[in-house]
Chemist: 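Just passing along the structure, written as structure tokens.
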Amino acid sequence: MKSIHTFKQCTSTIGTILPRRLTFTGARLTTTTSTSTNPAASVTGYALCSVNGCSFRFLGTSTRSTTRFVHELEKEDRSSHRLTTLHNHYRTLCFINSTPKRQMSQSSWTGPFGKDLVFRQLLEYKSYTYTYLLADADTNEAVIIDPVIETVDRDVKLVHDLGLKLIYAANTHVHADHVTGSGSIKKLIPTCKSVIAEVSKAKADVKVNEGDLIKFGKFKLEVRSTPGHTDGCITFVLHEKGLVFTGDALLIRGCGRTDFQQGNPGSLYDSIHKKILSLPQSFYVFPAHDYTGQTMSTVGEELRYNPRLTKPKNEFVEIMKNLNLPYPKQIDKALPANMVCGVFDVPESS
């Protein structure tokens with residue numbers, strides 16, 4: 001504890017040497033900087049400060065170490081006589097180590113698919129919709145897939161928290177069970193562009209077709225046309241990481257319904273088998289929905305265990321024709337809104 005007392009004695013003199021760069025408060029030392037390349041930091045300990053990107057910790061006594069510390073300060077202030085005064089009067093100040101100041105890196109919050117890819121799977125619990133946020137950890141460029149209007153604030157906050165540059169808000173199709181959040185995101189992040197399949201005839205900044213690439217940083221999502229649930233359904237494939245975002249075409253142990261909105265069970269069967277289940281079996285499957293609490297699957301799993309898609313095509317068609325599913329609760333609101341990016345002429349709730 002003697003070293004803490006000694007440190008307190010030193011602070012006033014050091015503060016007069018570099019008043020714009022160092023601020024001290026008792027045993028806690030807060031450092032500030034006047035340059036944009038050396039951001040302010042606050043650290044705790046017996047004594048800790050930062051000069052030109054290096055952190056310094058003080059404890060105990062050593063005249064030799066004090067000299068080294070004074071030498072570092074001299075780079076910041078050429079008033080040698082004042083530095084000498086500091087040296088002579090506070091010999092008990094001890095320099096322990098200097099290490100590069102820790103900088104926050106995107107790799108600190110990347111997901112399970114490598115330190116170069118930021119990955120988040122987000123749930124909107126009312127419609128059980130999964131939203132996916134992907135970003136290049138080096139450039140911070142990001143894409144969000146299937147955002148929902150009710151969770152736009154959450155998603156935009158996450159984008160800001162992680163320091164990302166959201167450049168695209170992409171929809172896998174014109175949804176019938178929720179209103180897309182892409183339009184609202186564009187209002188909050190004007191540089192973000194909405195994306196949807198051209199064949200859907202919905203409004204968006206970018207209309208995509210089979211084989212197009214959505215680029216963010218060094219990554220690119222391949223667009224695959226997978227009609228059947230709707231005629232405008234698309235699947236996004238991130239080959240570099242073995243990820244496939246299937247929208248409502250392929251679900252975990254299931255698939256999207258085909259009884260409305262240009263649905264066609266034969267087309268859906270062909271789309272899934274030719275465009276999704278033809279990928280390497282190790283690829284991870286991330287759907288737009290799940291109603292049983294599952295979050296992901298693989299191509300190999302669905303080839304073996306999907307109770308519908310393991311059937312011959314004719315049996316699959318009969319299954320889909322006889323599901324007798326209830327009418328989607330939000331369809332009357334969602335469809336017209338999603339045709340215009342989810343922001344214009346949205347019918348009021350009754």
Chemist: According to side chain to side chain contact (heavy atoms under 4.5 Å, CB included), who are the partners of Ala176, at least two apart in sequence or on a separate chain?
Modeler: Phe260, Gln261, Ile331, Leu335
Chemist: Show the nearest heavy-atom pair for residues Gly247 and Thr172, with the distance to one decimal.
Modeler: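 Minimum heavy-atom separation between Gly247 and Thr172: CA-OG1, 3.5 Å.
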Chemist: So, do Arg257 and Pro328 sit near enough that their side-chain heavy atoms are less than 4.5 Å apart?
Modeler: yes
Chemist: Within the 4.5 Å heavy-atom criterion, are Gln262 and Val199 side-chain neighbours or not?
Modeler: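 Result no, sub-4.5 Å side-chain heavy-atom pair not found.
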Chemist: Hey, does Leu238 have a side-chain heavy atom less than 4.5 Å from the side chain of Leu221?
Modeler: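 Yes, side chains in contact.
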Chemist: Can you check salt bridge (charged side-chain N to carboxylate O under 4.0 Å, His left out) on Arg253 and Glu302, steps first, answer last?
Modeler: CA-CA 6 Å; Arg253 308 298 193 266; Glu302 297 309 313; 2.6 Å; yes
Chemist: Taking all non-hydrogen atoms of both residues, which atom of Arg154 and which atom of Glu124 are closest, and how far apart?
Modeler: NH1-N, 4.5 Å
Chemist: Is it the case that the side chain of Thr246 and the backbone of Thr235 share a donor-acceptor pair, with hydrogens and angles ignored and the cut-off at 3.5 Å?
Modeler: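 Not confirmed, Thr246 side chain does not pair with Thr235 backbone.
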Chemist: Tell me if the NZ atom of Lys241 is crowded by more than 12 foreign heavy atoms within 6.0 Å.
Modeler: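 Yes, enclosed.
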Chemist: With under 30° as parallel and over 60° as perpendicular, where do the rings of His173 and His229 fit, or are they tilted in between?
Modeler: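 Perpendicular.
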Chemist: With a sphere of 6.0 Å drawn around NZ of Lys165, does it hold more than 12 non-hydrogen atoms of other residues, nucleotides or ligands?
Modeler: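 No, the 6.0 Å shell around NZ holds no more than 12 heavy atoms from other groups.
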Chemist: Would you say that Leu243 contacts Leu117 through its side chain, given a criterion of any heavy-atom pair below 4.5 Å between the two side chains?
Modeler: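 Side chain of Leu243 against side chain of Leu117, heavy atoms only: contact under 4.5 Å found.
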Chemist: Please say which of Phe113, Tyr168, Phe286 ends up in a ring-ring contact (aromatic ring centres under 6.0 Å, His included) with Tyr132.
Modeler: Phe286
Chemist: Answer yes if the ring centres of Tyr284 and Phe119 are under 6.0 angstrom apart, and no otherwise.
Modeler: no
Chemist: Less than 4.5 Å apart, side chain to side chain, heavy atoms only: is that true for Gln281 and Arg304?
Modeler: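 Side-chain contact under 4.5 Å: yes.
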Chemist: Cut-off 3.5 Å, side chains only: do Asp146 and His178 have a donor facing an acceptor?
Modeler: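 On atom types as modelled, these side chains do not qualify, holding no pair under 3.5 Å.
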Chemist: How far apart are the C-alpha atoms of Lys275 and Glu210, what are their side-chain angles, what is the distance that settles it, and do they pass the salt bridge (charged side-chain N to carboxylate O under 4.0 Å, His left out) test?
Modeler: CA-CA 10 Å; Lys275 302 292 183 66; Glu210 172 80 17; 3.2 Å; yes
